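First up is the structure itself, then whatever we jot down about it.
Here is how names work: the chains are called A, B, and so on, in the same order as the sequence lines, proteins then strands, and each is numbered from 1. Small disclaimer: the values here were computed from a predicted structure and weren't measured.
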Amino acid sequence: MHDINFIRKQPQDFDKAMGRRGLTPQSPEILKLDEERRAAQTELQKLQAERNAKKSGGNAQALMDEVTALKNRMDDLASREKTLAESLNQHLASLPNILADDVPDGADEHGNVEVRKHGTPRADKTPEHFEIGEKLGLMDFETAAKMSGARFVILSSGLARLERALAQFMLDTHTQEHGFTEISPPLLVNDQTMFGTGQLPKFAEEQFRTTRGDWLIPTSEVPLTNIVAEMIVEEETLPRRYTAFTPCFRQEAGAAGKDTRGMIRQHQFYKVEMVAITTPETSAAEQERMVGCAETVLKKLGIPYRTIVLCSGDTGFGARKTYDIEVWLPGQGRYREISSVSNCWDFQARRMNARCRAKGAKDTRFVHTLNGSGVAVGRALIAVMENYYDPADDGIVVPDVLRPYMGGLAKIKN
RNA sequence: GGAGACGUGGCCGAGUGGUUGAAGGCGCACGAUUGGAAAUCGUGUAUACGCUAAACCCGUAUCGAGGGUUCGAAUCCCUCCGUCUCCGCCA
C-alpha cells in the first residue's frame, strides 16, 4: 500500500518509481480521486458541523426540520465519499512496491545480477532428482497423481526422513544460531491477512481457497508477518525475528508447462521461512543479515550456490529489493532458486497497519517487514539428492550436518 | 452441534435515545512537596482524517466490524467476527 501523502507531494517521483515497474504514470488518476474524495469529505464535514450546532441549540421543532433538510445532501455526500475512497484504495492497493535505488534495471530474469558465488560444483552430470528418487523406489509421482493429480509427490522411507531432517536442521540453525523464534502458525488465514502481505487482491488465482472462504497459506511469510498486524510495538523490542516450518500451497496457475517433471514445482511443499520486523533504520542491514542466515544453511549442507540481486523486472509485487539464492543442481546442470529474501520496507506494514513507537515518543511509524526462505525444504531435498549422489551405487550420501537427524545414517540406499 | 452471557480508552469499569470522546479508578508523563524516595497534592494523558507551507487551533469520525431505524445511537434492530460458561462431540 502506498502513502497518499508521498504521491501528493512528489507525484513525479512516484510515477518514475512505477515506471521502473513498467507502469504508465499513475498519479494523475490517483490525485484526481484523492481531490474529489477530500472535497466530498470537507463538504460533508461542514454539513455535519452545521447539524451538530443545531443539535445543541435546543429541541425546537423548527430546528429538527432544518436538520431533516440537510439530511439528503449529507447522505449523498457520504456515499460519494465512500465510493471515491474505495476506488482510491483499490487503486493504491493494486500497485507494486517502489523499488530500492540500488535495484538494477532489467526486463526479466536476464537482468539479475550475481553478487557472490560459493562452493565448487561437482564436475560430473548426475541423474535428475526424480530419476534418482524413482530408482531408489522412494519417490512416487504416479501414486500421488492417482490421489491428488499432477504436481504432488509421495516420499517414503529415507527420503521422507531426509525431508524431515532438513527441516529440523534448518529450524535448529535459525533458532539456536540466528536468534529467530520458532512459530507454529495457522495454515488457513482470512482475506485481511492475505491482503496484509500483498497476496490479495491481485494474486487470488495463485491461491487455494476453502469452501468456508479461508485461504491456504502460499508461504508462512503470511501468518508470520501478520503477527504484528494492527499492533503498535515498542521499538526497543525490535527486531522481532520469527521462523516457521510449514507446508505451502500454490496453484502455480501461471506456470503451466513449467517444471512439470519432478518436485521442483509442486502444489504443496515444505518451507522453513524467516520473517523479521524492524525499525525503518535497520531493515537494509537486516536484509543482508537474513541472506547470510539462508546462505549459512547451504554452507553447512555443503551445497554450491550463488546469490543474485533481482532486477526491476523480476522483483516481486511487495518487495523493494530481493536477493535470490540459487543452488547448483548437477542433474540439470544449472543453478535453481532455493531462497528469496525480500525487504518489503513499509509496504506490507501500511497494508496491515503495523506500527512501532520509541519509548516515550508520541508518534508512531510503520515498521519494516522482511521475509526470506531459510530455505525451501523440497528444493533443498533435491539439491542434496543430486549433489550427494553416488554413481557407484545410485545412493545418496547424507551430509554430515544431517546425520544426527537421521539416526546416524550415512547413506540412503536402495 | 445445542443453550446462554458478553465485547466501551494502555488496563479495570460506569453509562439503555440528546450538552458522553465518553464518569470513576489504575497505570503513565510532567510539576509541587522531600536531603532523597515512598505517600500526598496539582496538571495532563486515544486514534484517524480534514483544514494548514507546517504546527497549534478548529472541524469531523471512531464505544468489536458492517448495515438499518431516528432530526439525533455507545445506548434500539439486523448480519458478521471474537471471547466466556454449561451440555454434546472430537484429534
- Phosphate OP1/OP2 of B:rG67 contacted by A:Lys82 side-chain N/O (<4.0 Å): yes
- Given atom CD of A:Gln45 and atom P of B:rG59, what is their separation to the nearest angstrom? 11 Å
- Task: Select base, sugar-phosphate, or nothing to describe what A:Arg350 touches, counting heavy atoms under 4.0 Å on all strands.
- Result: nothing
- Given that A:Lys9 and A:Arg37 both sit by RNA chain B, which one's nearest nucleotide is further toward the 5' end? A:Arg37
- Item | Rounded P spacing from B:rA74 to B:rG68 in Å | 15 Å
- Message: Checking the side chain of A:Asp314 only, and the main-chain atoms of A:Cys311 only, is there a donor and an acceptor separated by less than 3.5 Å?
- Response: no
- Grab the CG-P distance between A:Asp191 and B:rC81 for me, whole Å please. 12 Å
- Report the residue (A:Leu44 or A:Asn5) whose heavy-atom-nearest nucleotide on RNA chain B is the more 5′ of the two. A:Asn5
- Given the C1' atoms of B:rA37 and B:rG44, what is the spacing between them in whole Å? 23 Å
- Query: Can you tell me how far P in B:rA38 sits from the matching atom in B:rU34, rounded to whole Å?
  - Reply: 14 Å
- Item | Distance, rounded to the nearest Å, where A:Gln192 contributes CD and B:rA65 contributes P | 12 Å
- Are more than 12 heavy atoms from other residues, nucleotides or ligands located less than 6.0 Å from atom NZ of A:Lys411? yes
- Item | Separation of the C1' atoms in B:rU45 and B:rC11, to the nearest angstrom | 14 Å
- Query: Restricting to pairs with a member in residues 132-178 of chain A, which pass ring-ring contact (aromatic ring centres under 6.0 Å, His included), not counting sequence neighbours?
  - Reply: A:Phe152-A:His267, A:His174-A:His178, A:His174-A:Phe180
- Item | Per-nucleotide pairing state of RNA chain B [Watson-Crick or G-U, under 3.5 Å; [ ] pseudoknot-crossing; | other strand] | ((((((((.[[[..)..(.....]]]((((((.......))))))(((((.......))))).[[[[[..)....]]]]])))))))....
- Can you check whether A:Glu252's main-chain N or O pairs, donor with acceptor, with A:Glu206's side chain at less than 3.5 Å? yes
- Message: I'd like to know if A:Asp101 pairs up with A:Arg20 as an ion pair, taking the criterion as any Lys NZ or Arg NE/NH1/NH2 lying under 4.0 Å from an Asp or Glu carboxylate oxygen.
- Response: no
- If we take the C1' atom in both B:rC86 and B:rC77, what is their distance in whole Å? 28 Å
- Task: Taking the six-membered ring for Trp and the full ring for Phe, Tyr or His, determine whether the centres of A:Phe347 and A:His368 are under 6.0 Å apart.
- Result: no
- Message: Can you check the distance between B:rG13 and B:rC49, where both ends of the measurement are the P atom (answer in whole Å)?
- Response: 31 Å
- Query: In terms of side-chain heavy atoms of A:Thr42, which of B:rA48, B:rC49, B:rC51 is nearest?
  - Reply: B:rC51
- Task: Compare side-chain N and O positions of A:Arg38 against OP1 and OP2 of B:rU52 and report whether any pair is under 4.0 Å apart.
- Result: no
- Same-atom distance (C1') from B:rC58 to B:rC30, integer angstrom: 26 Å
- A:Arg8 side chain near B:rU52 phosphate (N/O to OP1/OP2, under 4.0 Å): no
- Task: Report the distance from atom CD of A:Glu81 to atom P of B:rA61, rounded to the nearest whole Å.
- Result: 13 Å
- Between the side chain of A:Arg21 and the main-chain N/O of A:Thr315, is any donor-acceptor distance below 3.5 Å? yes
